[in-house]
Amino acid sequence: MKLIFTKDANNEINVQLKKGTVVEEFSYTEMVSQLLTHNVFDDTDFTNLTEDEQAKIQSMLDKISAVFQDEEVEENSE
């Protein structure tokens, strides 16, 4: 799953989700569904974001991915 983060003229950050070749509006349920099947954020794209903003978002994505990784470990140990 690829996420595309774009900052607009109003300094608002918009997120889109790319599945295959199709770019869709971001949906938490779709993100969770994708992470349950394949726990990887592929090649995240940042447009017009500062390095600090990119680092904060990447840290957030790493934490989200870790939650799903922990869940996989718990399911395998049961």
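Since we're looking at a predicted model, the values are computed, not measured. One-based numbering along the sequence shown.
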Atom CD of Glu51: over 12 foreign heavy atoms under 6.0 Å:
no
Working to the nearest 0.5 Å, report the span between CG of Asp45 and CD of Gln54.
9.0 Å
Report the distance from atom NZ of Lys7 to atom OG1 of Thr47, rounding to the nearest 0.5 Å.
11.5 Å
Distance col, row Met31:CE vs Phe68:CZ, nearest 0.5 angstrom, shows 6.0 Å
Starting from Ile4, can I reach Leu49 by hopping between I/L/V/M/F/W/Y residues whose side chains sit under 4.5 Å apart?
no
Working to the nearest 0.5 angstrom, can you tell me the gap between Met1 CE and Leu61 CG?
8.5 Å
Show the numbers, then the answer: is there a side-chain contact (heavy atoms from CB on, under 4.5 Å) between Phe41 and Gln58?
CA-CA 10 Å; Phe41 291 106; Gln58 189 59 54; 5.8 Å; no
CD/Glu53 to CG/Asn48 distance, rounded to the nearest 0.5 angstrom?
10.0 Å
Do you know which of Val22, Val23, Leu3 makes side chain to side chain contact (heavy atoms under 4.5 Å, CB included) with Leu17?
Leu3
Same cluster for Phe46 and Val40 if Ile/Leu/Val/Met/Phe/Trp/Tyr side chains link at under 4.5 Å?
no
Could you check whether Thr6 and Asn14, counting side-chain N and O atoms only, form a donor-acceptor pair closer than 3.5 Å?
no
Any donor-acceptor pair under 3.5 Å linking the side chain of Asn10 with the backbone of Glu12?
no
